[in-house]
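This structure is a prediction, so every number in the text was calculated from the model and none was measured. In what follows, every chain begins at residue 1, and chains take the letters A, B, ... in the order their sequences are listed.
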There are 2 protein chains.
Amino acid sequence: MLERHEVEAFLTLAEELHFGRTAERLRVSTARISQTIAKPERRTGIPLFERTSRRVELTAAGRRLYEGVRPAWDQITGAFEQAVASGRGLTGTLRVAFVPFEDAPPLRWGLLWRADNATARLRAFAEAAHDLAGTA
Amino acid sequence: MLERHEVEAFLTLAEELHFGRTAERLRVSTARISQTIAKPERRTGIPLFERTSRRVELTAAGRRLYEGVRPAWDQITGAFEQAVASGRGLTGTLRVAFVPFEDAPPLRWGLLWRADNATARLRAFAEAAHDLAGTA
DNA sequence: TGTTGTTACGGGATCCGTAAGCATG
DNA sequence: CATGCTTACGGATCCCGTAACAACA
């Protein structure tokens, strides 16, 4: 089965037919798109795209897969966003700061976390924000 | 958005309403199911299940999400399996052996790999076999 | 020859199982 | 008090970006 990031890369590349633009839309490197597309192709033995360094097009199998997956994927993302939207009761603005040293000056607003494990916390926050906002 | 394994855990638990049976069906530990369910709940702030150590039931949001996701997920898995099935030309049986030492007796059938990186190769093989067979 | 897709490689995050903890009926 | 969900922890895997490489027009 396809992973979530594989589905997103596949659908985006099927629409853009260009690795660079796909990477840009998905905010990752083109190298990652290349490998993310190649992995399920190698796993199944089924090429989804025919590409040279100048042209990218869907194979017949790739086109059928796209047509089968695209509407269902929209359905799933829609159901998820609706669940999140209907589940939250109040709306507002949250400001967040990361303080890289211990004796930083106090803040007057928002949350304050110590910098321990800062990247992990920032990542978790970004994920939650993404889900709650419905946008990147 | 939900990861692939999160979707599968959610759908299975929504049907079984039991962490142990869900883990069994998905061939993972119950501890993993617990964390896999908890993670999107914490990420979004929306409980999907109401559970004690004696009872598991869907919340209202969980039920709506299930109804929105279940048919679309079947659609995606079906499209993927169909792409794989239509993409393979010949069918047959493949037997595979892993030989843990260098001068093992020769085999008369199937593939033979050295034991270098055996777990990685076995994993890759299992993934490919899963996709090609459409079963566990 | 420049643009675009691929391969190599190292680091960080995450998934996973085992084992211990805890709570419900 | 026994079943069953959760938390703690260590290890393997995988995702990701940077950088070097390859190939097409």
Side-chain angles (χ1 to χ4, degrees), chain A residues 1-10 12-14 16-43 47-59 62 115-128 130, chain B residues 1-10 12-14 16-43 47-59 62 115-128 130:
Chain A
M1 181 51 46
L2 296 172
E3 299 298 323
R4 191 258 315 161
H5 69 277
E6 290 173 344
V7 171
E8 292 183 341
F10 167 70
T12 306
L13 183 60
E16 293 288 350
L17 296 178
H18 188 282
F19 282 74
R21 284 196 297 272
T22 300
E24 206 170 339
R25 272 182 56 180
L26 266 37
R27 319 273 184 162
V28 296
S29 66
T30 70
R32 193 99 308 268
I33 297 295
S34 176
Q35 294 180 345
T36 303
I37 295 295
K39 189 162 188 179
E41 288 181 321
R42 297 191 73 87
R43 209 161 57 210
L48 300 172
F49 294 93
E50 196 80 41
R51 64 262 205 195
T52 71
S53 63
R54 281 297 175 186
R55 185 169 50 241
V56 177
E57 16 184 341
L58 279 163
T59 62
D116 300 353
N117 221 357
T119 66
R121 294 188 186 214
L122 179 55
R123 219 187 148 82
F125 174 77
E127 275 184 27
H130 180 103
Chain B
M1 181 52 47
L2 295 173
E3 300 297 324
R4 192 256 316 159
H5 68 277
E6 290 173 343
V7 172
E8 292 183 341
F10 167 70
T12 306
L13 183 60
E16 294 287 350
L17 296 178
H18 186 282
F19 282 73
R21 285 196 297 274
T22 299
E24 205 170 340
R25 272 182 56 181
L26 265 38
R27 318 272 184 164
V28 296
S29 65
T30 70
R32 192 101 308 270
I33 297 295
S34 176
Q35 293 182 347
T36 302
I37 295 296
K39 189 161 187 180
E41 288 181 322
R42 296 192 74 87
R43 209 160 58 210
L48 301 172
F49 295 92
E50 197 79 40
R51 66 264 204 192
T52 70
S53 66
R54 284 296 175 186
R55 185 168 51 241
V56 177
E57 19 185 339
L58 280 163
T59 62
D116 299 355
N117 224 356
T119 65
R121 293 189 187 212
L122 180 55
R123 220 187 147 82
F125 173 77
E127 275 183 27
H130 180 103

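A:E8 is linked by a salt bridge (charged side-chain N to carboxylate O under 4.0 Å, His left out) to A:R4, counting only residues two or more places apart in sequence or in another chain. A:E50 is linked by a side chain to side chain donor-acceptor pair (under 3.5 Å) to nothing, counting only residues two or more places apart in sequence or in another chain. Shown here are the side chain to side chain donor-acceptor pair (under 3.5 Å) partners of B:E41, two or more places apart in sequence or in another chain: B:R51. Partners of A:E57 according to the salt bridge (charged side-chain N to carboxylate O under 4.0 Å, His left out) rule, which considers only residues two or more places apart in sequence or in another chain, are A:R55.
For the helix from C:dT1-D:dA25 to C:dG25-D:dC1, the axis fitted to the five pairs at one end and the axis fitted to the five pairs at the other end meet at an angle of 40° (nearest 10 degrees).
Closest contact between the side chain of B:Q35 and the listed nucleotides D:dC14, C:dG5, D:dA8 involves D:dA8. Each of C:dT14, C:dT6, C:dG17 was ranked by its minimum atom distance to the side chain of A:F19; first place goes to C:dT6.
Distance NE2 (B:H5) to P (D:dT13): 17 Å, rounded to an integer number of Å. In this structure, A:E50 places its CD atom 11 Å from P of C:dT6, rounding to the nearest Å. Distance, A:R42 CZ to C:dT6 C1': 11 Å, rounded to whole Å. Spacing between atom CG of B:L13 and atom P of D:dC5 amounts to 8 Å, rounded to whole angstrom units. In this structure, A:R32 atom CZ and C:dA8 atom P are separated by 13 Å, rounded to whole Å. The NZ atom of B:K39 sits 16 Å away from the P atom of D:dT6 (whole-angstrom rounding). Rounded to an integer number of Å, the gap from CZ of B:R4 to P of D:dC14 is 11 Å. Atom pair B:L17:CG and D:dG4:C1' shows a separation of 14 Å (rounding to whole Å applied).
Between B:R51 and the phosphate of D:dT6, there is a side-chain N or O to OP1/OP2 separation shorter than 4.0 Å.
Across every non-hydrogen atom of A:A9 and A:I33, the tightest pair is CB-CD1, 4.3 Å. Contact detail for A:M1 and A:E6: the closest heavy-atom pair is O-OE1, 4.2 Å.
The 5' end of DNA chain C is approached more closely, in terms of each residue's nearest nucleotide, by B:E6 than by the other of B:A31 and B:E6.
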Do nucleotides 20-25 of chain C as a string where each nucleotide becomes B, S or -: B if the base has a protein heavy atom under 4.0 Å, S if just the sugar-phosphate does, - if no protein is that close.
---BBS
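Using a 4.5 Å heavy-atom threshold, the side chains of B:F49 and B:T59 count as separate. Side chains of A:F10 and A:L58 form a contact here, defined as non-hydrogen atoms less than 4.5 Å apart. Counting heavy atoms from C-beta on, the side chains of B:R21 and B:R25 never come closer than 4.5 Å.
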